[in-house]
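Down below is the structure, laid out as structure tokens.
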Amino acid sequence: MVGTKKIQMVDLKGQYLKIKNEVDAGIQEVINTTAFINGPAVKEFQSDLEKYLGVKHVIPCANGTDALQIAMMALGLKPGDEVITASFTYVATAEVIELLGLTPVLVDVDPLTFNIDVKQVEKNITPKTRAIVPVHLFGQCADMEQLQAIAKKHNLYIIEDVAQAIGADYTFSDGREVKAGTIGDVGCTSFFPSKNLGCYGDGGAMYTNNDELAAKLRMIAHHGQRVQYVHDVVGVNSRLDTIQAAVLKVKLSHLDEYAAARNKVATHYDNAFNGHPKLVIPARNKNSTHVFHQYTLQVTGADRNVLREKLAEKGIASMIYYPIPLHMQKAFASDRFKKGDFPVTEKLCSCVLSLPMHTELDNESLNYITDSVLELIK
Ligand SMILES: Cc1ncc(COP(=O)(O)O)c(C=O)c1O
């Protein structure tokens, strides 16, 4: 608590107040023109995002989960096909794999970067494997160069789950720098309000450089039709609302500032906690910038849950992303997984703690957070 103010994980209101005039005008314009579905702001945002990402096609849709599902449908993945993904991720990644009757093949993660352990990916490839879904968890890219080499060697698709890492840059060993989500066959992102580029409701998008695939993604997101009332395949209804696109258009122009503000917070936390015997700070992948969707500590020498409760008593929010590994969730119970199969993920679920991370944190709040954490784990 700074004064009487609690410190939340995100501060969407504070962020909104700084861009209120632009956002309000954008929303009002949609209402004035009643262009609620596929209005001009959707195309404008799509085109702005294509330029920002340096990608040929952005296909907006209703949310990040739909983006992943539509990507798998458009790539023609069929029941029984195996899809490799990280065992330490948000449920949506694995959920859509199951939902489409595909087989999720989970792979453990690197204990320091939290991203998929590339060495284990290749070991899990079988004749049924069709795709790899790396998740750029907490805001930095997985080892895409190595994953791309594996995918090429085994003729697999890559679907990047970039819900948490929009705007991160990945640098290949030849010096080529590209945006997260534009490396694989398709990138799938979420504009959930608390995401780095969040709208004021639900939203999502897919990115690709492949013209044919872009047309399929667009068709599937639009009831499987290219021409109105002519349905070539069974699709879904997944649109980005025009009001959300109007908000995103404004926020996209601030995205790099937002990433810089988040990095400033991360540096403050790093400086306070680096080398502490009871804490492990999040490691950086040397090939990726980090946009810090989350700043996630590992609490190794103290009780993480007690620390969380004590922080809450001091008015400081914190979150556990994620408390239960996917393979130990009832929804994914299968004779293919058992406790102990993914030791890194299981350990992380027992010790990770994400601290407040947003664009509006001032030095007073940051000092209060870091002093409180250090005091409570003394
Ligand atoms: C890693 C990851 N994948 C997918 C999603 C799904 O996005 P949405 O909530 O927009 O469906 C999220 C967001 O919550 C996420 O964090």
Side-chain angles (χ1 to χ4, degrees), residues 9-10 12 45 49 58-73 83-100 102 104 106-107 109-110 113-116 131-142 144 158-168 180-181 184 186-207 217 221 236-241 244-245 247-248 251 262 282 285 288 290-296 319-326 329 331-332 345 348-349 352 354 357-358:
M9 290 301 287
V10 293
L12 297 179
F45 168 64
L49 188 57
V58 164
I59 299 98
C61 65
N63 56 66
T65 310
D66 277 7
L68 289 161
Q69 177 179 334
I70 295 164
M72 290 177 203
M73 291 168 76
V83 177
I84 295 178
T85 194
S87 51
F88 188 58
T89 178
Y90 182 58
V91 66
T93 324
E95 186 177 50
V96 296
I97 299 173
E98 283 279 3
L99 205 62
L100 292 173
L102 313 171
L106 301 179
V107 163
V109 295
D110 178 272
T113 64
F114 311 115
N115 275 328
I116 195 161
I132 308 170
V133 186
V135 182
H136 304 315
L137 203 72
F138 301 151
Q140 69 180 339
C141 293
M144 291 308 295
I158 294 183
I159 302 165
E160 296 178 67
D161 183 339
V162 70
Q164 301 189 4
I166 192 164
V186 197
C188 299
T189 204
S190 163
F191 304 125
F192 186 83
S194 61
K195 292 287 192 271
N196 291 34
L197 179 60
C199 57
Y200 294 171
D202 274 306
M206 299 158 280
Y207 337 137
L217 292 165
V236 297
N237 175 23
S238 188
R239 295 184 282 243
L240 179 67
D241 285 354
Q244 301 307 339
V247 173
L248 288 166
K251 290 187 72 177
R262 288 173 175 275
N285 176 347
S288 176
H290 206 315
V291 293
F292 284 101
H293 177 56
Q294 299 297 341
Y295 184 93
T296 302
M319 286 292 284
I320 299 169
Y321 301 116
Y322 297 94
I324 306 172
L326 287 179
Q329 298 277 3
F332 296 96
T345 295
L348 290 175
C349 289
V352 285
S354 298
M357 170 52 79
H358 57 79

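Bear in mind that the values here come from a model prediction, so they are computed numbers and not experimental data. Ligands are counted one by one from 1 in listed order, and the atoms in each one are counted from 1 as well.
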inquiry  = For Y322 and Y90, take the angle between the two ring planes, folded into 0 to 90°, and tell me which bin it lands in: parallel under 30, tilted 30 to 60, perpendicular over 60.
reply    = tilted
ask   = Within the distance-only criterion (no hydrogens, no angle test), does the side chain of N115 pair as donor or acceptor with the backbone N or O of Q140 below 3.5 angstrom?
value = yes
inquiry  = With no hydrogens and no angle check, just 3.5 Å: does a side-chain donor-acceptor pair link T93 and D161?
reply    = yes
ask   = Ring centroid separation for F191 and F45, is it under 6.0 angstrom?
value = yes
ask   = Take atom OH in Y200; do more than 12 heavy atoms of anything else shown fall under 6.0 Å from it?
value = yes
Expected output: side-chain D241 to main-chain Q244 donor-acceptor under 3.5 Å = no
ask   = Okay, side chain of E160, backbone of G184: is any donor-acceptor separation there less than 3.5 Å?
value = yes
ask   = Got an N/O contact under 3.5 Å between K195 and ligand 1?
value = yes
query = What atoms of ligand 1 come within less than 4.0 Å of a heavy atom belonging to V135?
reply = 1 (C)
query = Is S190 in polar range of ligand 1, meaning some N or O pair under 3.5 Å apart?
reply = yes
request  = Name the closest protein heavy atom to atom 15 (C) of ligand 1, giving the residue it belongs to and the distance to 0.1 Å.
outcome  = A163 CB, 3.5 Å
ask   = For ligand 1, which atoms have a heavy atom of N63 less than 4.0 angstrom away?
value = 10 (O), 11 (O)
request  = Please assess S354 against M9 for the test side chain to side chain contact (heavy atoms under 4.5 Å, CB included), listing each intermediate value before the final yes or no.
outcome  = CA-CA 9 Å; S354 298; M9 290 301 287; 4.0 Å; yes
query = Does Q164, backbone or side chain, put an N or O under 3.5 Å from an N or O of ligand 1?
reply = yes
message = As an exercise, identify every atom of ligand 1 less than 4.0 angstrom from a heavy atom of A92.
response = 4 (C), 5 (C), 6 (C)
inquiry  = Among V58, L68, I70, which residue satisfies the side-chain contact (heavy atoms from CB on, under 4.5 Å) criterion with M206?
reply    = I70
query = Considering distance alone, does some N or O of D66 sit under 3.5 Å from an N or O of ligand 1?
reply = no
request  = Starting from atom 1 (C) of ligand 1, find the nearest protein heavy-atom neighbour and note its residue, name and distance.
outcome  = D161 OD2, 3.5 Å
request  = Looking only at protein heavy atoms, identify the closest one to atom 12 (C) of ligand 1 and say how far it is in Å.
outcome  = Y90 CD2, 3.5 Å
query = Polar-atom distance check: L68 versus ligand 1, any N or O pair below 3.5 Å?
reply = no
key: Closest protein heavy atom (residue, atom, distance) for atom 6 (C) of ligand 1   = T65 OG1, 3.4 Å
remark   = If you scan protein heavy atoms around atom 8 (P) of ligand 1, the nearest is G64 N, 3.4 Å
